[in-house]
Participant: 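Here's a structure for you.
In what follows, every chain begins at residue 1, and chains take the letters A, B, ... in the order their sequences are listed.
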Protein chains: 2
Amino acid sequence: MTDIFFEVEKHSDHQKFLKGMELLYFAYRDFISWPDDVLQTYGFGRAHHRVLHFVGRNPGMKVAELLKLLSITKQSLSRVLSTLVEKGHIRQDIGDQDRRQRLLFLTDQGQTLLDKIAEHQKDHMLKAFEKAGGQSVEGFWKVLSALLADDNRDEILARVNKDMGE
Amino acid sequence: MTDIFFEVEKHSDHQKFLKGMELLYFAYRDFISWPDDVLQTYGFGRAHHRVLHFVGRNPGMKVAELLKLLSITKQSLSRVLSTLVEKGHIRQDIGDQDRRQRLLFLTDQGQTLLDKIAEHQKDHMLKAFEKAGGQSVEGFWKVLSALLADDNRDEILARVNKDMGE
DNA sequence: AAAAATATGTCAGTCATGTTGACATATTTA
DNA sequence: TAAATATGTCAACATGACTGACATATTTTT
């Protein structure tokens, strides 16, 4: 892994940009395409995966929070969410303070499915982290954090760092 | 940027996975959504952008090469490619050795459009790189390279590193 | 020279996931 | 009581993927 192609100083600004952009595109694609087989078995897509993931990470989340986090419209969410509820992967409880709210939770079934989907991805990512080394992982996180849109960075980082660190 | 949330050793494997996955998702989304405004002005989408980008990076590329690189079907490519050709952003030359081939090139108009689309993205990425620091950028590249699918990593890295290094 | 393989393009239809705007219902707040 | 809020649903549409079949030109193989 000591390769001139990773030496940042040997790149012009334009080269840095191209490399970052292309690597991000291909790595994202290869990483994200993993769970598709499992998902297809259940008739679900990536949108369902996302919902399962974020509800799993934020139990009791409100629908409005999820909408904002995913930056999609009510209608888009509605389709996937209602399927997941129908099939028993997600449970919607009525808010205790505000009875208009629907609080979202994974059912046991939903948790099982999520674990199954994540299995390959987790393996894939942890192997990549090991291969690149801890120092690189730190850099990876720092650059990704810096790539977040300025107007929602703080909120996203708060969510990402939830239940982490010491 | 010295934050306990970037200290890799303070994370369990599962936490590392969650953080990597979520940051990758949000950063990719925020990065990729930038050029949409420019594209919409022209009636183009992300698929058009990708084609412009890769043809720009690999002048004289064959259609089959582009298909393989993008991992999409002929039909999918056909739609965007023919629009780009019609509107004068891409030129198709008949192969000199093999007259069945169509070699793809950006026209001046296509190059101008690509530069315009890339303008914001380039700015965005270079700012993120500067903010994170050179060491982090190296880590970013290393992790992304390790995240590539094993069966096409070499080919992708060869393309990404084309015309780079010393 | 004829047959097979290859590179490209196109037809028709389908699917997943996003969008908009309008409207309905229940519930809370002013 | 009236207004605002949280959620859900309807119909219609756009993008960008997919499949499988078929057509054409050209090159390679037999």
Participant: Start with the C-alpha distance between Trp141(A) and Glu138(A), add both sets of side-chain angles, then the distance that settles side-chain contact (heavy atoms from CB on, under 4.5 Å), and finish with yes or no.
Facilitator: CA-CA 5 Å; Trp141(A) 291 347; Glu138(A) 188 177 321; 5.6 Å; no

Participant: Mind checking Thr83(A) for me? I need base, sugar-phosphate or nothing, with any heavy atom below 4.0 Å counting as a touch.
Facilitator: nothing

Participant: Let me know the distance between CG of Leu70(B) and P of dC18(D), rounded to the nearest Å.
Facilitator: 10 Å

Participant: For Leu114(A), does its backbone N or O pair with a side-chain atom of His53(A) as donor and acceptor, under 3.5 Å?
Facilitator: no

Participant: Between Asp96(B) (CG) and dT27(D) (P), how many Å, whole number?
Facilitator: 11 Å

Participant: Nearest whole Å is fine: how far is dC18(D) C1' from Leu39(A) CG?
Facilitator: 17 Å

Participant: Report yes if the side chains of Val160(B) and Leu18(A) come closer than 4.5 Å at any heavy-atom pair, otherwise no.
Facilitator: no

Participant: Calculate, to the nearest 0.5 Å, the distance between atoms CG and CG belonging to Leu106(A) and Leu52(A) respectively.
Facilitator: 6.0 Å

Participant: So, is His48(A) near the phosphate of dT17(C), with a side-chain N or O under 4.0 Å from OP1 or OP2?
Facilitator: yes

Participant: Nearest 0.5 Å, what's the CZ-CG distance between Arg102(B) and Asp93(B)?
Facilitator: 10.0 Å

Participant: Figure out the CZ/C1' separation between Arg46(B) and dT17(C), and round it to whole Å.
Facilitator: 12 Å

Participant: Would you say a side-chain N or O of Gln92(B) is under 4.0 Å from OP1 or OP2 of dG9(C)?
Facilitator: yes

Participant: What do you reckon, is CD of Gln109(B) surrounded by more than 12 foreign heavy atoms closer than 6.0 Å?
Facilitator: yes

Participant: Could you check whether Glu22(B) pairs with Lys162(A) (Lys NZ or Arg NE/NH1/NH2 to Asp/Glu carboxylate O, under 4.0 Å)?
Facilitator: no

Participant: For Ile90(A) and dT7(D), what is the distance between atoms CD1 and C1' respectively, to the nearest whole Å?
Facilitator: 15 Å

Participant: Verify the contact: side-chain N or O of Arg79(A) to OP1 or OP2 of dC10(D), cut-off strictly under 4.0 Å; return yes or no.
Facilitator: no

Participant: Nearest nucleotide by nearest heavy atom, which residue falls closer to the 5' end of DNA chain D, Gln97(B) or Glu65(A)?
Facilitator: Glu65(A)

Participant: Would you kindly give the OH-to-C1' distance between Tyr25(A) and dG16(D), to the nearest whole Å?
Facilitator: 12 Å

Participant: Who pairs with His48(B) by ring-ring contact (aromatic ring centres under 6.0 Å, His included), at least two apart in sequence or on another chain?
Facilitator: Phe44(B)

Participant: Using whole Å, report how far CG of Leu66(B) lies from C1' of dG9(C).
Facilitator: 14 Å

Participant: Would you mind telling me which of dT17(C), dG18(C), dT19(C) lies closest to the side-chain atoms of Gln75(A)?
Facilitator: dT19(C)

Participant: Would you mind reading off the distance between Glu86(A) atom CD and dG8(D) atom C1', rounded to a whole angstrom?
Facilitator: 13 Å

Participant: Quick one: which protein N/O atoms are closer than 3.5 Å to N/O atoms of nucleotides 4-7 of chain C? Pair and distance per line, please.
Facilitator:
from	atom 1	to	atom 2	distance (Å)
dT6(C)	O2	Arg100(B)	NH1	2.5

Participant: Nearest of dT19(C), dA17(D), dT26(D) to any side-chain atom of Ile72(A)?
Facilitator: dT19(C)

Participant: Does the Gln15(B) side chain pair with the main chain of Asp163(A), one donor and one acceptor, at a distance under 3.5 Å?
Facilitator: yes

Participant: Reading 5' to 3' and counting Watson-Crick or G-U wobble pairs with both distances under 3.5 Å, write the dot-bracket notation for DNA chain D, | for bases paired outside the strand.
Facilitator: ||||||||||||||||||||||||||||||

Participant: Check whether Leu84(B) and Leu103(B) end up in the same hydrophobic cluster, where Ile, Leu, Val, Met, Phe, Trp and Tyr are linked by side-chain heavy atoms less than 4.5 Å apart.
Facilitator: no

Participant: Does a side-chain N or O of Ser76(A) approach OP1 or OP2 of dT19(C) to a distance below 4.0 Å, or not?
Facilitator: yes

Participant: Check whether any side-chain N or O of Thr73(B) sits under 4.0 Å from OP1 or OP2 of dC18(D), and answer yes or no.
Facilitator: yes

